[in-house]
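Below you'll find the structure, written out as structure tokens, and then a few comments.
We number each residue from 1, following the sequence as shown.
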Amino acid sequence: MEEIKRDLKKLEWYAVADPGTTTCFAVLLAAVNPYTKKMYLLDEIYEKDQKATSTRILYPRLQMKMIKLNRFIEADDWYKVYDEAGAWFANEVLVGFNATFFKTDKRHGDKEEGLSIIKDQLVHNSVIISSQCKHLFSEMQRYAKDSKGKIPKKNDHLIDCYRYLIDAANYDFNSVMEFVNFTQ
């Protein structure tokens with residue numbers, strides 16, 4: 001937060017949800033500098049208790065985190081995105097809280113491409129991950145292909161949120177590198 005505190009009003013703010021009721025409900029909260037495209041992964045929700053994954057419990061918790069991160073903008077000013085497999089969540093948030101979440105475009109996205117962008121961001125320091133993102137760190141440390149070279153679909157809820165964020169922010173690593181080269 002120290003690095004971005006003077007730019008709170010200039011950044012684009014994202015809440016990206018991977019709604020789940022049986023294994024995990026995950027949300028990644030982030031900010032993106034619209035000029036440099038540097039990403040700041042600031043906080044998370046990683047709820048495994050099924051009783052606490054209901055929208056009426058989870059959304060107020062999310063609202064409080066959004067206010068804590070940036071008191072200068074309203075919750076409506078955040079880009080809110082969700083995994084379209086959790087359409088029930090978007091419907092419940094709309095009806096219960098008059099808040100709109102937009103679905104991801106994951107069916108048209110390439111998981112390998114998203115993971116490659118994440119790797120490039122990490123290598124080129126174009127992402128800052130807060131210590132508040134403990135479960136994201138854990139998922140990233142354990143994330144590996146299986147013996148057949150396939151990416152297993154487990155323990156990746158926040159990684160999925162990260163990929164959805166990249167897509168929602170129209171992130172293009174080539175333009176980021178052009179900006180970095182231009183400013184050096």
Side-chain angles (χ1 to χ4, degrees), residues 12-32 37 39-66 69 75-119 121-122 127 129-130 132-146 150-173:
E12 296 171 348
W13 294 84
Y14 292 85
V16 185
D18 187 7
T21 55
T22 56
T23 58
C24 178
F25 193 122
V27 181
L28 186 61
L29 294 115
V32 178
K37 289 296 188 180
M39 285 191 169
Y40 301 90
L41 309 183
L42 302 170
D43 205 348
E44 65 183 30
I45 294 175
Y46 193 84
E47 187 57 62
K48 294 186 97 166
D49 180 357
Q50 287 184 339
K51 293 179 231 160
T53 60
S54 74
T55 303
R56 67 179 169 72
I57 293 172
L58 203 116
Y59 189 69
R61 189 172 153 198
L62 175 57
Q63 286 177 305
M64 293 303 295
K65 284 186 177 274
M66 290 190 294
L69 287 170
D76 289 345
D77 294 327
W78 284 67
Y79 295 98
K80 295 182 286 298
V81 181
Y82 74 98
D83 179 346
E84 66 262 24
W88 58 271
F89 169 71
N91 293 335
E92 288 179 8
V93 169
L94 182 60
V95 171
F97 298 94
N98 198 30
T100 303
F101 272 72
F102 296 95
K103 65 182 180 175
T104 62
D105 196 21
K106 74 177 190 176
R107 281 180 277 158
H108 297 104
D110 179 352
K111 190 170 191 170
E112 292 275 350
E113 181 180 333
L115 294 172
S116 178
I117 291 172
I118 289 171
K119 180 190 70 151
Q121 283 184 319
L122 294 167
V127 62
I129 303 174
S130 165
Q132 297 298 310
C133 298
K134 292 176 175 77
H135 291 97
L136 176 61
F137 278 120
S138 178
E139 284 185 3
M140 291 173 82
Q141 287 175 330
R142 294 180 307 194
Y143 203 66
K145 292 182 178 181
D146 64 17
K150 301 285 184 197
I151 300 168
K153 184 66 186 129
K154 64 180 182 178
N155 301 321
D156 63 350
H157 306 286
L158 287 164
I159 291 173
D160 283 347
C161 288
Y162 188 177
R163 290 187 310 107
Y164 304 154
L165 168 64
I166 288 168
D167 188 50
N170 295 314
Y171 193 87
D172 176 15
F173 193 74

Residue pair Met66, Leu69: steps toward the side chain to side chain contact (heavy atoms under 4.5 Å, CB included) verdict: CA-CA 5 Å; Met66 290 190 294; Leu69 287 170; 6.0 Å; no
Rounded to the nearest 0.5 Å, how far apart are CG of Leu158 and CG of Leu41? 10.0 Å
Main-chain N/O of His135 paired to Glu44 side chain as donor or acceptor, under 3.5 Å: yes
Gap separating the OG1 atom of Thr53 from the NZ atom of Lys48, nearest 0.5 angstrom: 12.5 Å
Mind jotting down which residue pairs meet the salt bridge (Lys or Arg N to Asp or Glu O under 4.0 Å) criterion with at least one end in residues 132-144? Sequence neighbours excluded, please. none
Spatial distance of atom CD1 (Ile57) from atom CD (Glu47) [nearest 0.5 Å]: 8.5 Å
Of all heavy-atom pairs linking Ala17 and Phe25, the shortest is CB-CE2, 4.3 Å
Checking Trp88 against Thr55 for the side chain to side chain contact (heavy atoms under 4.5 Å, CB included) test, could you report, in this order, the C-alpha distance in whole Å, the side-chain angles of both residues, the deciding distance, and whether it holds? CA-CA 9 Å; Trp88 58 271; Thr55 303; 3.5 Å; yes
Quick check: closest heavy atoms across Tyr171 and Met39, and the distance to 0.1 Å? CD1-CE, 3.6 Å
Is Asn98 atom CG crowded by more than 12 heavy atoms from other residues, nucleotides or ligands, each under 6.0 Å away? no
Between Val81 and Lys103, the two heavy atoms sitting closest are CG1-C, 4.3 Å
About how many Å separate CG of Leu115 and OH of Tyr162, when rounded to the nearest 0.5 Å? 10.5 Å
Residue pair Ala26 / Tyr46: nearest heavy atoms and the distance that separates them: CB-CD1, 4.4 Å
Indicate the atoms forming the closest heavy-atom contact of Trp13 with Leu42, along with that distance. CZ3-CD1, 3.4 Å
Is there a side-chain contact between Arg163 and Ile118 (heavy atoms, below 4.5 Å)? yes
Less than 4.5 Å apart, side chain to side chain, heavy atoms only: is that true for Gln121 and Ile166? yes
Between CG on residue Leu165 and CG on residue Leu29, distance to nearest 0.5 Å: 10.0 Å
Would you check if the side chain of Lys37 reaches a backbone N or O of Ala169 as a donor-acceptor pair within less than 3.5 Å? yes
Search all heavy atoms of Ala52 against all heavy atoms of Leu58 and return the closest pair with its distance. O-CD1, 3.6 Å
With side chain to side chain contact (heavy atoms under 4.5 Å, CB included) as the test, would you mind laying out the steps for Leu122 and Ile129 before giving the verdict? CA-CA 9 Å; Leu122 294 167; Ile129 303 174; 4.0 Å; yes
Can you check side chain to side chain contact (heavy atoms under 4.5 Å, CB included) on Val27 and Arg61, steps first, answer last? CA-CA 11 Å; Val27 181; Arg61 189 172 153 198; over 6 Å; no
Count the heavy atoms belonging to other residues, nucleotides or ligands that lie under 6.0 Å from OH of Tyr79, then report whether that count exceeds 12. no
Gap between atom SG of Cys161 and atom CG of Leu136 - 0.5 Å precision: 9.0 Å
